[in-house]
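The next block holds one structure in the form of structure tokens; read it before the comments.
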Amino acid sequence: MSRSKIKSILDHQATDYPASVKGWVRSFRNNQFIALNDGSCQANLQVVIGLETDESIVKRITAGAAIAAHGNIVASLGKGQRVELKADSIEILGDCDGEQYPLQLKNRPSLEYLREIAHLRFRTNTFSAVFRVRHALAFAIHQFFNERGFVYLHTPVITASDAEGAGEMFRVTTLPFDGTPRNEQGAVAFSEDFFGRATNLTVSGQLEAELGAMALGEVYTFGPTFRAENSNTARHLAEFWMIEPEVAFADIHDNMNLAEDFVRYLIRYALEHCTEDLNFLAQRLADEEKNKPQQERSGMGLLEKLTSVAENSFERITYTEAIGILLASPAFKKKKFQYEVKWGIDLQSEHERYLVEKHFGKPVIVRDYPKEIKAFYMRQNEDGKTVAAMDILAPGIGEIVGGSQREERLDKLSQRMEEMHVPHEELYWYLDTRRFGTAPHAGFGLGFERMVQFVTGMGNIRDVIPFPRTPKNAEF
RNA sequence: UCCUCCUUAGCUCAGUUGGUUAGAGCACUUGACUGUUAAUCAGGGGGUCGUUGGUUCGAGUCCAACAGGGGGAGCCA
């Protein structure tokens, strides 16, 4: 008999039919009742074994063991579940020595501990829920762009450009560490390296995505991104996934509309397709909040927060307005901000949090930042002071989207590159798009893990990626 | 990288002003029970108190360095 997924058994109303299931034992009660989970859904299937079951089998039904159960799906006699599998036979597929198995249903191992056994943490309710939601969001991303006619463009993971200015890079090389070849000036001879030049892991697919957009019209990337920054926070990874749409004939307002539609679409998708997992995660979060002091509680439950974001439009303000709000705030007057507030500063975490969590109470899109604090490729506004950049700030996460209208005017772009010491030679291919049929265009980047954090309510980004890569940590 | 906190059984945690043989729950094991719901009840085994060094008659407890981890900040997505 072929294996049935537990999800399909629980989803269907029928009873009194034969079925086989395979999964991992979550708990074994009364030498008779197995709570079995196969990863297809949050809920367990109760498998009931007969009293005549061979004792040598019964002894091997331990928490964590992999088993197969064959029998009939029947209406449950007990109270906690609608149906159960009345087993005729049990097969032990893989034993699990409970004395050494670190996961026990009753012990509530901490997220920090589970991070150290990331190879086993998928077996917990929390992580299986998080990774099912992560999958759903990844799928929804492709669906969103596909519905709108975007082309999924695979930009390179290995890049020769180090002029993107998006952060420290990981070097990619096959040169030996001992006896590294040197040129006549004594510098490392990258001409002898695999690609004949210095190469790195990508920090962004944006520049390449722009090339695609200037022919295909609307493209997006969705792939791994690498930053060799020594960042030790709950919001940073050395290897993370990023989505970068790029749209020809679009301005900053089209860009904000797309980004807002996108974020709200993803949340609606999760609410519709991950109800059970989100309910579980919401409950988990609520339990966690109970142990926090009153002041640190968020006040809104996970589902309320997601529903509110999905149903209400984001606040849109300019950078100049944001500075005005901060300067007029009670927090500023009481000198609550650690960092200075004045026109020209980069907004600090505390400023973003004030705007999003205290002042507006919902996601905020801030646009038209001072050109000095933004990248060379952002389009210069008429005022000569600002660029058409926009960031979406989300409650609890901070910056979740960063984007801009791109500078399509060759002279302006060229001039800005000179001012910011970005070498023209290395980016001739980028500049060519401005030489040959340039057009207004815009795009943004969305940090996938930050989106997963927002939807699942997980506080640490290391808990929403299967195998986190952070400074001093590349285990598994 | 900076500030700060933590590290005691497989897991979650107690351990008082430095003082006898370091405790509990879960897990494991032996037995009982058999429609349980984190099953329950009774007995049992299980410890290099992160590592190294120091102070002291005596260190899980005090001090230092190192390692690992958490929280906050910077950089950013």
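This structure is a prediction, so every number in the text was calculated from the model and none was measured. The chains referred to below are lettered A, B, ... by the order of the sequence lines, with proteins before strands, and numbering in each begins at 1.
Using atom P as the reference point in both B:rU20 and B:rC13, the two lie 26 Å apart (nearest Å). Atom name P, nucleotides B:rC63 and B:rG18: the rounded distance is 11 Å, in whole Å. On the P atoms, B:rU37 is 46 Å away from B:rU52, given to the nearest whole Å. Nucleotides B:rA59 and B:rG19 have their P atoms positioned 11 Å apart, rounded to a whole Å. Between B:rC6 and B:rG44, the two C1' atoms lie 33 Å apart (nearest whole Å). Taking the C1' atoms as reference points, B:rA64 lies 29 Å from B:rG74, given to the whole Å. Atom name C1', nucleotides B:rC76 and B:rU1: the rounded distance is 15 Å, in whole Å. Comparing B:rU61 with B:rA38, their C1' atoms sit 34 Å apart, to the nearest whole Å.
Neither side chain, A:Gln348 nor A:Glu352, offers a donor N or O lying under 3.5 Å from an acceptor on the other. The closest side-chain donor-acceptor pair between A:Asn279 and A:Asp277, if any, does not fall under 3.5 angstrom.
Nucleotide B:rA67 has B:rU7 as its partner under the Watson-Crick or G-U criteria, with both atom distances under 3.5 Å. B:rG58: no Watson-Crick or G-U partner with both key distances under 3.5 Å is found in any strand. In this entry B:rA73 has B:rU1 as its Watson-Crick or G-U wobble partner, both defining distances falling under 3.5 Å. For B:rG35, there is no paired nucleotide, since no Watson-Crick or G-U wobble pair has both relevant distances below 3.5 Å. Nucleotide B:rC13 forms a pair with B:rG23, judged by Watson-Crick or G-U wobble geometry with both contacts under 3.5 Å.
Residue A:Arg235 places none of its side-chain N or O atoms closer than 4.0 Å to OP1 or OP2 of B:rG72. For A:Asn230 and B:rU1, the shortest distance from a side-chain N or O to OP1 or OP2 is below 4.0 Å. Between A:Arg29 and B:rU36 there is no side-chain polar atom (N or O) within less than 4.0 angstrom of OP1 or OP2. A sub-4.0 Å separation between OP1 or OP2 of B:rG74 and a side-chain N or O of A:Thr233 is absent.
A salt bridge is defined here as a Lys NZ or Arg NE, NH1 or NH2 lying under 4.0 Å from an Asp or Glu carboxylate O, and A:Arg227 with A:Glu239 fails to meet this definition. Contact check on A:Lys374 versus A:Asp391 returns a salt bridge, with a Lys/Arg side-chain nitrogen under 4.0 Å from an Asp/Glu carboxylate oxygen. The existence of a salt bridge linking A:Arg115 and A:Asp463 is confirmed by a sub-4.0 Å separation between a basic side-chain nitrogen and an acidic carboxylate oxygen. Note on A:Glu449 versus A:Arg235: no salt bridge recorded, every NZ/NE/NH1/NH2 to OD/OE distance being 4.0 Å or above.
A:Lys59 comes within 4.0 angstrom of sugar-phosphate atoms only, judged by non-hydrogen atoms across all strands, and of no base. Among the protein residues, A:Glu116 comes within range of the sugar-phosphate backbone only, with heavy atoms under 4.0 Å from sugar or phosphate atoms but none that close to a base. Nucleic acid contact class of A:Glu84 (heavy atoms, under 4.0 Å, all strands): base. Using a 4.0 Å heavy-atom distance criterion, A:Lys79 is classed as a base contact. As judged by a 4.0 angstrom heavy-atom cut-off over every strand, A:Asp97 is placed among residues making no nucleic acid contact. Among the heavy atoms of the strands, none lies under 4.0 Å from A:Ile397. The residue A:Leu446 sits apart from the nucleic acid: no heavy atom pair falls under 4.0 Å. Counting any heavy atom pair closer than 4.0 Å across all strands shown, A:Phe454 reaches no nucleic acid atom. The residue A:Phe448 sits apart from the nucleic acid: no heavy atom pair falls under 4.0 Å.
Taking every side-chain heavy atom of A:Ser349 into account, B:rA73 is the closest of B:rU36, B:rA73, B:rG72. Out of B:rU37, B:rC33, B:rG74, the shortest distance to the side chain of A:Asn31 is found at B:rC33. For A:Leu77, whose side chain is taken as the heavy atoms from C-beta onward, the closest listed nucleotide among B:rU1, B:rG71, B:rG35 is B:rG35. Listed candidates were B:rC76, B:rU36, B:rG71. Nearest to the side chain of A:Arg227 is B:rC76. Set against B:rC76, B:rG70, B:rU36, the side chain of A:His236 has B:rC76 as its closest nucleotide. Considering only side-chain atoms of A:Ser110, the nucleotide from B:rU37, B:rU12, B:rG74 that sits closest is B:rU12. Comparing B:rU36, B:rG10, B:rG74 by their nearest atom to the side chain of A:Pro102 picks out B:rG10. Across B:rC76, B:rG74, B:rG35, the shortest atom-to-atom separation from the side chain of A:Asp346 is found for B:rC76. Closest to the side chain of A:Gln32, from the set B:rC75, B:rU37, B:rU34, is B:rU34. With distances taken from any side-chain atom of A:Gln348 to the nucleotides B:rG74, B:rG35, B:rG10, the minimum falls on B:rG74.
Here A:Ile73 contributes atom CD1 and A:Leu10 contributes atom CG; the two are 8.0 Å apart, rounded to the nearest 0.5 Å.
With hydrogens and angles ignored, a donor-acceptor pair closer than 3.5 Å exists between the side chain of A:Ser231 and the base of B:rC75.
Put simply, CD on A:Glu112 is 14 Å from P on B:rC11, counting in whole angstrom units. Between the CZ atom of A:Phe33 and the P atom of B:rU40 there is a distance of 14 Å, rounded to whole Å. We find that CG of A:Asn473 is positioned 14 Å from C1' of B:rA67, with the value rounded to whole Å. To the nearest angstrom, P of B:rG69 lies 12 Å from CG of A:Asn460. In this structure, A:Glu399 atom CD and B:rA73 atom C1' are separated by 16 Å, rounded to whole Å. In this structure, the CG atom of A:Asn44 is 10 Å from the P atom of B:rA39, given to the nearest Å. B:rG74 atom C1' lies 13 Å from atom CD of A:Glu352, rounded to whole Å. A:Arg115 has its CZ atom 11 Å from the C1' atom of B:rG71, to the nearest Å.
RNA chain B is contacted by both A:Gln338 and A:Pro471; A:Pro471 maps to the nucleotide lying nearer its 5′ end (nearest heavy atom per residue). Nearest-nucleotide assignment on RNA chain B puts the 5′-proximal partner with A:Asn232, out of A:Thr62 and A:Asn232.
Note: A:Tyr354 and A:Phe332 fail the aromatic proximity criterion, with ring centroids not under 6.0 Å apart.
Judged by distance alone, the side chain of A:Ser40 and the main-chain N or O of A:Lys7 form a donor-acceptor pair under 3.5 Å.
Using cut-offs of 30° and 60° on the angle between ring planes, the pair A:Phe448 and A:Phe222 is perpendicular.
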